[in-house]
Student: 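Dropping the structure in here first, questions after.
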Amino acid sequence: MQITEDDIAKLVPAFYARVRDDAVLGPIFNGAIEDWPHHLAKLQAFWSSVLLTSGRYKGQPMVAHVRHEPHMTPDNFARWLALWRQTSAEVLAPEAAAIFQEKADRIAESLQLGVQFYRDRNAA
């Protein structure tokens with residue numbers, strides 16, 4: 001199964017529409033993102049870089065997430081991943097959804113470890 005830019009273009013906006021409407025995640029994301037069209041383009045570039053090695057994304061995801069460290073809780077990550085799994089399963093073929101889900105699980109784990117490292121470092 002090959003992931004395409006079209007898969008990314010379907011999943012990312014559909015997913016973040018749900019995030020924005022979510023009772024838990026919506027206030028966090030809506031409070032952090034001022035320009036949703038720009039942010040969605042950046043997120044699509046991120047996923048393109050991750051799954052297609054396109055090199056389109058030029059940001060620093062860890063820095064972006066540490067800025068919002070108080071909201072980076074295990075429960076919020078779990079909620080994000082649950083919505084990601086649900087949305088990807090609904091908008092993509094099963095094989096493509098599984099690839100996105102597996103990668104998101106690894107990215108979430110890495111971000112959580114990075115945020116914890118940041119917390120531990122600041123507590124020392």
Side-chain angles (χ1 to χ4, degrees):
M1 168 100 238
Q2 182 159 341
I3 301 298
T4 67
E5 290 286 354
D6 287 342
D7 293 328
I8 295 165
K10 279 194 279 189
L11 176 57
V12 171
F15 170 70
Y16 281 97
R18 288 188 181 175
V19 166
R20 293 176 75 184
D21 289 338
D22 186 75
V24 174
L25 300 177
I28 297 167
F29 279 80
N30 289 319
I33 308 302
E34 293 180 23
D35 182 350
W36 273 101
H38 174 76
H39 193 66
L40 289 173
K42 186 185 290 190
L43 291 167
Q44 286 178 236
F46 171 81
W47 283 102
S48 175
S49 292
V50 167
L51 291 175
L52 304 177
T53 62
S54 68
R56 288 179 42 214
Y57 180 73
K58 304 296 183 205
Q60 296 178 310
M62 186 61 68
V63 172
H65 286 81
V66 165
R67 253 187 242 129
H68 304 284
E69 177 269 330
H71 300 295
M72 300 290 115
T73 66
D75 287 345
N76 287 346
F77 272 104
R79 181 71 187 145
W80 189 99
L81 284 168
L83 285 175
W84 182 258
R85 285 185 197 102
Q86 177 187 21
T87 308
S88 61
E90 289 174 7
V91 303
L92 300 173
E95 300 85 12
I99 291 167
F100 276 93
Q101 291 166 9
E102 181 182 328
K103 186 59 83 170
D105 286 341
R106 282 192 256 140
I107 291 168
E109 181 179 7
S110 175
L111 286 172
Q112 288 178 84
L113 289 169
V115 168
Q116 190 57 51
F117 175 80
Y118 170 82
R119 288 176 179 143
D120 293 346
R121 191 169 138 209
N122 284 341

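Just so it is clear, the model here is predicted, and its values are computed rather than measured.
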Student: Can you see which heavy atom on Ala9 is nearest to which on Pro13, and at what distance?
Tutor: O-CD, 3.1 Å
Student: Hey, what do you get for CG (Leu83) to CG (Asp22), rounding to the nearest 0.5 Å?
Tutor: 5.0 Å
Student: If we ignore hydrogens and angles and just use 3.5 Å, is the side chain of Gln86 paired with the main-chain N or O of Ala82 as donor and acceptor?
Tutor: no
Student: To the closest 0.5 Å, what do you measure between CZ (Arg106) and CG (Leu111)?
Tutor: 13.5 Å
Student: Looking only at heavy atoms, which two atoms of Asp7 and Gln2 are closest? And how far apart?
Tutor: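 For Asp7 versus Gln2, the nearest heavy atoms are OD2-O, 4.0 Å.
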Student: For the CD atom on Glu90, are there more than 12 heavy atoms of other groups (residues, nucleotides or ligands in this structure) within a distance under 6.0 Å?
Tutor: yes
Student: From Gln44 CD over to Ser54 OG, what is the distance, rounded to the nearest 0.5 angstrom?
Tutor: 11.0 Å
Student: How are the rings of Tyr57 and Phe46 set to each other: parallel, tilted or perpendicular (split at 30° and 60°)?
Tutor: perpendicular
Student: Might you point out which heavy atoms bring Val91 and Ala14 nearest each other, and give the distance in Å?
Tutor: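 In terms of heavy atoms, the two residues are closest at CG1-CB, 4.2 Å.
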Student: When the aromatic ring centroids of Phe15 and Trp80 are compared, is their separation below 6.0 Å?
Tutor: yes
Student: Could you tell me the separation between the CG atom of Leu51 and the CG atom of Leu11, rounded to the nearest 0.5 Å?
Tutor: 9.5 Å
Student: Could you tell me which non-hydrogen atom of Ser48 sits nearest to which non-hydrogen atom of Glu5, and how far apart they are?
Tutor: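 Distance-wise, the nearest heavy atoms are OG-OE2, 2.6 Å.
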Student: When clusters are formed by joining ILVMFWY residues with side-chain heavy atoms under 4.5 Å apart, either directly or through shared neighbours, do Val24 and Phe77 land in the same one?
Tutor: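 Yes: a chain of side-chain contacts under 4.5 Å links Val24 to Phe77.
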Student: Is a donor on one side and an acceptor on the other found under 3.5 Å between the side chain of Asp120 and the backbone of Phe117?
Tutor: no
Student: Drop me the distance from Arg20's CZ to Leu40's CG, to the nearest 0.5 angstrom.
Tutor: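 Between Arg20 CZ and Leu40 CG, I get 7.5 Å after rounding to 0.5 Å.
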Student: Could you measure the distance from the CD1 atom of Ile3 to the CD1 atom of Ile99? Nearest 0.5 Å is fine.
Tutor: 4.0 Å
Student: Ile28 pairs by side-chain contact (heavy atoms from CB on, under 4.5 Å) with which of Arg79, Met72, His71?
Tutor: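 Result: among Arg79, Met72, His71, His71 is the only option passing the side-chain contact (heavy atoms from CB on, under 4.5 Å) with Ile28.
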Student: Return yes if some donor-acceptor pair links the side-chain N/O of Ser88 with the main-chain N/O of Arg85 below 3.5 Å, else return no.
Tutor: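 Judged by distance alone, yes, a pair lies under 3.5 Å.
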Student: Take Leu52 and Ile8 through the test side-chain contact (heavy atoms from CB on, under 4.5 Å) and record every step on the way to the result.
Tutor: CA-CA 10 Å; Leu52 304 177; Ile8 295 165; 3.9 Å; yes
Student: Mark yes or no for whether Ser49, through its side chain, and Ala45, through its backbone, hold a donor-acceptor pair below 3.5 Å.
Tutor: yes
Student: Is the side chain of Trp84 donor-acceptor paired with the backbone N or O of Phe100 at a distance under 3.5 Å, no angle test?
Tutor: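 Judged by distance alone, yes, a pair lies under 3.5 Å.
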Student: If you apply the rule side-chain contact (heavy atoms from CB on, under 4.5 Å), what do you find for Gln116 with Gln112, and how did you get there?
Tutor: CA-CA 6 Å; Gln116 190 57 51; Gln112 288 178 84; over 6 Å; no
Student: Please work out which of the three classes, parallel, tilted or perpendicular, describes the rings of Trp36 and His39, given edges at 30° and 60°.
Tutor: perpendicular
